[in-house]
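Down below is the structure, laid out as structure tokens.
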2 protein chains.
Amino acid sequence: MGYGLAEGNGVLRLSKLTDYAVVVLTRLDEAEDGGVLTAPGLAASTGLGEPTVSKVLKTLSHAGLVEGRRGAAGGYRLTRPLGAMALTEVITAIDGPIALTACVDNAAGFCDAEARCPVRGRWDPVNDAIRRALSGISIADLAGVPAVVPHPEGEPRYAAAE
Amino acid sequence: MGYGLAEGNGVLRLSKLTDYAVVVLTRLDEAEDGGVLTAPGLAASTGLGEPTVSKVLKTLSHAGLVEGRRGAAGGYRLTRPLGAMALTEVITAIDGPIALTACVDNAAGFCDAEARCPVRGRWDPVNDAIRRALSGISIADLAGVPAVVPHPEGEPRYAAAE
DNA sequence: CTAAACCGTACCCCATTGGTACGGTTTGCA
DNA sequence: TGCAAACCGTACCAATGGGGTACGGTTTAG
């Protein structure tokens with residue numbers, strides 16, 4: 001597949017799943033029927049695989065970012081507006097905690113080559129810089145909020161702007 | 001091995017090679033004999049594998065961050081002081097360009113699912129934030145500049161500080 | 001002439017990730 | 001009361017990319 005994220009670009013590669021999560025969250029934000037959409041419905045409207053969408057939703061649900069209601073008329077619903085949902089929360093939910101080094105945040109002093117390690121804990125300025133940069137970015141900032149973008153048959157072509 | 005970087009933590013994982021690069025660059029900065037050290041020597045003093053160190057040096061050399069001199073009395077030398085060497089340069093040299101998405105920086109409009117892609121190019125605020133956070137961090141900032149830390153036999157234990 | 005070191009390329013192994021499958025439980029509705 | 005639709009949890013499989021290695025070639029001091 002491949003949506004917006006790079007294939008094997010380089011650093012700072014966050015997973016495709018995170019990309020999918022943003023897509024799905026955006027779609028959920030556009031929902032109108034009480035803001036509830038089903039996983040199969042989301043899969044159809046986004047073009048992603050249904051099992052993949054389910055997986056993403058499950059993870060987001062586990063993190064408390066969406067709420068799943070079971071049963072025949074079930075579906076998923078945002079627990080918060082996207083403007084109040086930090087990007088870091090989604091990243092943490094999908095990819096785990098945002099950390100660059102192991103020595104720094106985790107229990108310090110567990111390096112297997114602790115002896116003769118010349119840069120112990122020296123990466124934390126980078127960590128802090130990254131965290132500071134990422135905090136303050138909400139999903140709404142990424143969504144651009146085109147709101148209720150229809151996706152009829154044919155070729156929507158969201159790109160055509162400007 | 002594993003030096004300072006996390007194993008499989010999460011986002012923002014930059015490669016171990018970049019970690020090694022910082023280690024090697026720091027060692028080179030501590031050198032005194034005209035600032036020239038050999039790859040085997042660096043491997044021995046850092047505890048890293050000799051082929052791996054060579055690989056890192058070769059890459060750094062190709063990026064112009066170090067200068068390799070061949071022959072019997074050859075070795076590597078910094079082309080700039082660490083304070084004037086940006087972290088982003090090292091990252092770019094080892095891991096490639098710092099980019100989060102493919103659609104944004106590269107030739108736009110090559111998404112295989114370009115139609116119905118709801119977040120085209122929406123990741124660039126993140127890209128910008130990351131770049132802005134990383135610029136302004138030099139290798140000297142990471143090195144801490146303990147300068148000429150001896151590594152005799154026994155157990156150096158750099159951690160023992162404070 | 002030889003040894004030591006850099007250089008380039010190509011190769012292999014394995015861990016992480018993306019994606020899938022399946023059985024179970026809940027719930028609206030006929 | 002049974003059925004269908006949807007969420008839930010877990011486990012599994014395939015492939016991509018990165019870490020690490022090997023090898024042959026070229027340069028250069030002694």
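The sequence lines fix the lettering, A, B, ..., with proteins before strands; numbering per chain opens at 1.
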Can you measure A:His62 atom NE2 to D:dG9 atom P for me and round it to whole angstrom units? 6 Å

Separation of A:Leu28 atom CG from D:dC7 atom P, in whole Å? 10 Å

Side chain to side chain donor-acceptor pair (under 3.5 Å) partners for A:Ser61, two or more places apart: none

Decide yes or no for B:Leu37 and B:Tyr76: does some side-chain heavy atom of the first lie under 4.5 Å from some side-chain heavy atom of the second? no

Quick one: list whatever passes side chain to side chain donor-acceptor pair (under 3.5 Å) with A:Glu50, sequence neighbours left out. none

Give a yes or no on whether the backbone of A:Leu48 and the side-chain of A:Thr52 come within a donor-acceptor separation of less than 3.5 Å. no

Could you tell me the separation between the CG atom of B:Leu42 and the P atom of C:dA4, rounded to a whole number of Å? 18 Å

Can any side-chain N or O of B:Asp141 pair as donor or acceptor with the backbone N or O of B:Ser138 at less than 3.5 Å? yes

Which residues share a side chain to side chain donor-acceptor pair (under 3.5 Å) with B:Arg69, sequence neighbours left out: none

Please report the interatomic distance OG1(A:Thr88) to CZ(A:Arg131), rounded to the nearest 0.5 Å. 10.0 Å

Rounding to an integer number of Å, can you tell me how far B:Asp95 CG sits from D:dG17 P? 14 Å

Of all the choices, C:dG28, D:dC7, C:dT20, which nucleotide is nearest to the side chain of A:Thr52 once you look at every atom? C:dT20

Could you state the atom-to-atom distance from CG of A:Leu17 to P of C:dG19 in whole Å? 7 Å

Under a 4.0 Å heavy-atom cutoff, the residues of residues 64-71 of chain B touching DNA chain C are B:Gly68, B:Arg69, B:Arg70, B:Gly71

Applying salt bridge (Lys or Arg N to Asp or Glu O under 4.0 Å), can you list everything that pairs with A:Arg80, at least two apart in sequence or on another chain? A:Glu89

Measure from OH on B:Tyr20 to C1' on D:dG19 and round the result to the nearest Å. 8 Å

Which whole-number value in Å describes the distance from A:Ile94 CD1 to C:dG19 P? 12 Å

So if I take every side-chain heavy atom of B:Ala72 and compare against C:dA4, C:dG28, D:dC8, which nucleotide ends up nearest? C:dA4

Nucleotide of D:dC8, C:dG19, D:dT28 approaching A:Tyr76 most closely (side-chain heavy atoms): D:dC8

N/O-N/O pairs, protein side and nucleotides 10-15 of chain D side, under 3.5 Å:
none

D:dC7 OP1/OP2 closer than 4.0 Å to side-chain N/O of A:Thr38: no

Round to a whole Å and report the spacing from NZ of A:Lys16 to P of C:dT20. 11 Å

Side chain of B:Thr79, backbone of B:Gly64: donor and acceptor closer than 3.5 Å? yes

OP1 or OP2 of C:dC7 under 4.0 Å from side-chain N/O of B:Ser54: no

